[in-house]
Amino acid sequence: MKNITETFGALYHPVKAFVVFQKDSPENDTYVECYDMDENGFPINAHPLSIRESTQLANALDTSDELKRNFLKPSGLMPKNVLYINPDHNGYAIWHTPKQKVDLFFVEGLGIPNGKAAIPPLLWKASRGTLQVYALEGDSNITTDTPLYHAPFFNLYENGRVCMGTVKIKIPADCLLEEFIHLWQQYFFNSFFSHTLGGRIRVNGNVIQLWQSLVGTKKQFPINFLQENGLTLKKILS
């Protein structure tokens with residue numbers, strides 16, 4: 001029989017146990033009792049928590065290395081297109097991009113060729129695992145009261161959340177801000193646009209004909225095709 005012991009992970013054995021007692025009084029005085037653990041994992045030798053044991057416990061609970069992580073930290077000066085950062089563990093960033101021409105990819109069944117096409121200014125909100133995309137009428141003088149529009153793309157829900165399908169999202173826990181933005185935009189534009197969510201894409205006109213008329217041409221994106229979604233930047237700051 002093959003010995004597979006070496007493939008096991010590290011084993012941890014209990015060595016201390018702590019019980020916190022609190023007095024049933026307005027002061028809520030607290031007392032911590034410490035137990036050693038015998039070879040069978042049973043608590044023995046109950047005694048008040050010592051200073052040495054308190055120090056050991058504090059070191060074990062020290063998360064300063066985690067708090068020093070680089071998630072959403074800019075590598076230099078703050079990029080001018082970044083509007084808001086929440087650097088918490090489950091935080092997010094909000095940024096905008098100008099009108100531009102990008103390569104777009106569509107599934108064959110839509111009848112839209114792949115290629116470069118003009119897109120409107122966009123507003124992005126992303127955490128490590130989710131992405132929301134909105135359209136803007138313009139990308140200057142953005143305030144918390146700036147109205148947001150439905151982004152004219154497939155694979156989006158009405159609330160702006162993007163369905164990434166089978167795309168494997170890999171955003172590192174210590175991802176710097178610039179790389180975070182680059183990765184999300186790359187994931188979005190390098191995936192195939194394939195389907196509507198919620199029945200339709202909210203634009204003023206036929207969305208398939210819209211993209212057929214834009215891909216591979218020099219036309220600018222017609223802003224009058226955009227529909228407001230009732231949201232403002234202030235409403236997505238949460």
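Residues satisfying the side chain to side chain donor-acceptor pair (under 3.5 Å) criterion with T217, sequence neighbours excluded, are absent altogether. Looking at residues two or more places apart in sequence or on another chain, you find no side chain to side chain donor-acceptor pair (under 3.5 Å) involving K73. For S191, there are no side chain to side chain donor-acceptor pair (under 3.5 Å) partners at least two apart in sequence or on another chain. Take K219 and apply the salt bridge (Lys or Arg N to Asp or Glu O under 4.0 Å) test, not counting sequence neighbours, and it matches no residue. Under the rule for a salt bridge (Lys or Arg N to Asp or Glu O under 4.0 Å), D38 has no partner lying at least two apart in sequence or in another chain. For E228, the side chain to side chain contact (heavy atoms under 4.5 Å, CB included) partners two or more places apart in sequence, or in a different chain, are P147, Y149.
No continuous path of ILVMFWY side-chain contacts below 4.5 Å connects L177 to L83, so the two sit in separate hydrophobic clusters. A continuous path of ILVMFWY side-chain contacts below 4.5 Å connects V102 to L210, so both sit in one hydrophobic cluster. Clustering ILVMFWY residues whenever any of their side-chain heavy atoms sit less than 4.5 angstrom apart, transitively, puts L231 in a cluster other than the one holding V203. Linking Ile, Leu, Val, Met, Phe, Trp and Tyr whenever their side-chain heavy atoms come within less than 4.5 Å leaves I236 and F188 in two separate clusters. In the hydrophobic cluster analysis, where Ile, Leu, Val, Met, Phe, Trp and Tyr join through side-chain heavy atoms closer than 4.5 angstrom, L237 is grouped apart from I181.
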Next on the checklist: If you apply the rule side-chain contact (heavy atoms from CB on, under 4.5 Å), what do you find for F18 with C34, and how did you get there?
Outcome noted: CA-CA 5 Å; F18 304 95; C34 181; 3.8 Å; yes
Checklist entry - Going through the checks in order, is the side-chain contact (heavy atoms from CB on, under 4.5 Å) test met by H195 and N155? => result CA-CA 5 Å; H195 57 285; N155 305 0; 3.4 Å; yes
Item to check | Working for side chain to side chain donor-acceptor pair (under 3.5 Å), residues D36 and N45 | outcome: CA-CA 6 Å; D36 297 322; N45 187 28; 2.6 Å; yes
Next on the checklist: What verdict does the side-chain contact (heavy atoms from CB on, under 4.5 Å) test give for R202 and E158, after you've listed the backbone C-alpha separation in whole Å, the side-chain angles of each residue and the deciding distance to 0.1 Å?
Outcome noted: CA-CA 8 Å; R202 294 191 176 277; E158 285 195 21; 3.1 Å; yes
Next on the checklist: Using side-chain contact (heavy atoms from CB on, under 4.5 Å), reason through V215 and I112 one step at a time and then give a plain yes or no.
Outcome noted: CA-CA 8 Å; V215 174; I112 307 173; 4.2 Å; yes
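The hydrophobic cluster containing V15, built from Ile/Leu/Val/Met/Phe/Trp/Tyr side-chain heavy atoms closer than 4.5 Å, comprises no other residue. Cluster partners of L176: none. The rule joins Ile, Leu, Val, Met, Phe, Trp and Tyr whenever side-chain heavy atoms lie under 4.5 Å apart, and it links nothing here.
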Expected list for residues 133-142: side-chain donor-acceptor pairs under 3.5 angstrom, two or more places apart:
from, atom 1, to, atom 2, distance (Å)
Y134, OH, Q132, NE2, 2.7
Y134, OH, N159, O, 3.1

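With contacts defined as side-chain heavy-atom distances shorter than 4.5 Å, the pair P121/T97 does not qualify. Put simply, the side chain of L123 reaches to within 4.5 Å of the side chain of I94, judged on heavy atoms. Between L197 and C163, some side-chain heavy-atom pair lies under the 4.5 Å cut-off. A 4.5 Å side-chain heavy-atom check between L131 and R161 finds every atom pair outside the cut-off. Taking the side chain as every heavy atom from C-beta outward, L156 and I201 never approach each other to under 4.5 Å. By the 4.5 Å heavy-atom criterion applied to side chains, P172 and L183 are counted as neighbours. The side-chain heavy atoms of L214 and P222, taken from C-beta on, include a pair separated by under 4.5 Å. At least one side-chain heavy atom of F180 sits under 4.5 Å from a side-chain heavy atom of F71.
One finds the CG atom of L104 at 11.0 Å from the CZ atom of F192 (value rounded to the nearest 0.5 Å). We find the CG-CD1 distance between D174 and I171 to be 11.5 Å, quoted to the nearest 0.5 Å. Atoms OH and OG1, from Y157 and T196 in turn, are 11.0 Å apart once rounded to the nearest 0.5 Å. With values rounded to the nearest 0.5 angstrom, E179 atom CD is found 12.0 Å from L72 atom CG.
Taking every heavy atom of both residues into account, D145 and K234 meet most closely at OD1-NZ, 3.5 Å. Here the shortest heavy-atom pairing between V207 and P152 reads CG2-O, 4.0 Å.
Side chain of N40 to backbone of F42: no donor-acceptor contact under 3.5 angstrom is found. Put simply, the side chain of K16 never gets that close to the backbone of M37: no donor and acceptor are under 3.5 Å apart. Under a 3.5 Å cut-off, the side chain of H150 and the backbone N or O of Q227 do not form any donor-acceptor pair. Judged by distance alone, with hydrogens and angles left aside, the side-chain atoms of N204 form a donor-acceptor pair with the main-chain N or O of N224 at under 3.5 Å.
By the 6.0 Å contact criterion, CD1 on I51 is open, its count of non-hydrogen atoms from other residues, nucleotides or ligands being 12 or less.
The list of side chain to side chain donor-acceptor pair (under 3.5 Å) pairs with a residue in residues 180-189, not counting sequence neighbours, reads W95-Q185. For residues 93-115, the pairs satisfying salt bridge (charged side-chain N to carboxylate O under 4.0 Å, His left out) are D103-K116, with sequence neighbours left out. Evaluation of the ring-ring contact (aromatic ring centres under 6.0 Å, His included) test over residues 218-238, restricted to residues two or more places apart or in two chains, returns W211-F221.
Classified by interplanar angle (parallel below 30°, tilted 30° to 60°, perpendicular above 60°), the ring pair F153/F193 is parallel.
Taking the six-membered ring for Trp and the full ring otherwise, Y84 and Y92 have centroids separated by under 6.0 Å.
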